[in-house]
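Quick notes on the structure that follows.
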Amino acid sequence: MTGDEIREKFLSYFERNGHKRVHSSPLLPANDPTLLFVNAGMNQFKDVFLGNETRDYKRAVTAQKCIRAGGKHNDLDEVGKTARHQTFFEMLGNFSFGDYFKEDAIKFAWELMLDEFKLPLDRLWFTYFEGDDEVPADTEARDLWIKMGAAPDRVLPFGRKDNFWQMADVGPCGPNTEISYYMGDDPGDPEKNSAYWVNGPGDTTIEFWNLVFMQYNRTQNDDGSFSLTHLPAPSVDTGMGLERITTIMQHVTTNYETDLLRPLVEFAASLA
Ligand code: GLY
């Protein structure tokens with residue numbers, strides 16, 4: 001599949017499942033001083049998650065243009081060093097505003113990955129939030145992956161850095177569950193297709209989809225400390241890197257070799 005076909009498959013899958021297809025917002029966030037550039041699909045829905053705005057739909061799907069070159073989600077230092085980082089990219093996302101929650105988010109993800117994208121299960125790894133003194137472990141997410149058919153030893157706990165997501169220092173946030181893909185030649189290789197490489201060094205496995213269970217709002221108090229309060233309704237915000245899933249499905253080794261980016265590299269090379 002081309003990158004364009006992969007984007008369309010994602011959008012139309014969620015559309016068939018009751019999601020409103022919403023256009024990407026511009027890269028400059030409107031009325032949000034917490035953010036310089038749009039850094040995730042959920043930005044344009046921030047006020048919906050917070051309960052400050054209502055829309056005439058409770059499910060949405062987007063392909064959002066993002067820049068991560070500063071602020072809380074800054075990939076600038078990784079670009080050129082890894083196979084999977086860019087400063088500008090497209091994020092595919094499905095959203096629930098107080099409608100479905102963990103169980104359906106995980107079911108949708110499973111069906112899309114296995115039945116539509118036909119990804120081999122023996123290359124997939126799943127992670128969930130291990131919990132800390134502020135937010136409990138998300139064992140429900142772990143159990144749901146196992147119920148869907150994931151092998152228990154391929155569902156791994158991680159801490160805040162990998163499995164708790166918030167868009168900026170303040171704003172909607174929650175524990176997340178991520179899906180990583182083993183990129184090596186032989187899924188039967190117990191050394192390489194192993195837990196060590198998940199969120200580990202290099203690009204042996206790459207994380208390509210993040211399912212955030214939006215439950216909290218982080219706010220800053222007058223004394224500078226931060227508090228966590230519950231959102232009006234538990235919600236879902238997911239983000240899949242279009243260039244990463246295209247790298248996986250086109251069996252290439254870096255985002256820059258996909259048909260989404262390769263023509264740009266070739267054009268720049270021709271000028272040079
Ligand atoms: N909002 C989910 C993500 O950016 O990964």
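As the structure lists them, so they are numbered: ligands from 1, and atoms in each ligand from 1.
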Quiz item: Is the shortest heavy-atom distance from the side chain of Leu114 to the side chain of Phe117 under 4.5 Å?
Solution: no
Exercise. Would you mind checking if Glu111 and Lys107 are paired as a salt bridge, meaning a charged N to carboxylate O distance below 4.0 Å?
Key: no
Practice problem: Kindly indicate whether a cation-pi arrangement holds for Lys58 with Phe97, taking the cut-offs as under 6.0 Å to the six-membered ring centre and within 45° of the axis. | Solution: no
Practice problem: Report the distance from atom CD1 of Ile248 to atom OG1 of Thr258, rounding to the nearest 0.5 Å. | Solution: 11.5 Å
Quiz item: Can a salt bridge be assigned to the pair Glu103 and Lys147 using a cut-off of 4.0 Å between side-chain N and carboxylate O?
Solution: yes
Filter the ligand 1-protein atom pairs down to N or O on both sides and distance under 3.5 Å, then list them.
| residue | atom | partner | partner atom | Å |
| --- | --- | --- | --- | --- |
| ligand 1 | 1 (N) | Asp237 | OD1 | 3.2 |
| ligand 1 | 1 (N) | Asp237 | OD2 | 2.8 |
| ligand 1 | 4 (O) | Arg68 | NH2 | 2.9 |
| ligand 1 | 5 (O) | Asn210 | ND2 | 2.9 |

Quiz item: Within 45° of the ring axis of Tyr57 and under 6.0 Å from its six-membered ring centre, is that where the NZ or CZ of Arg55 lies?
Solution: no
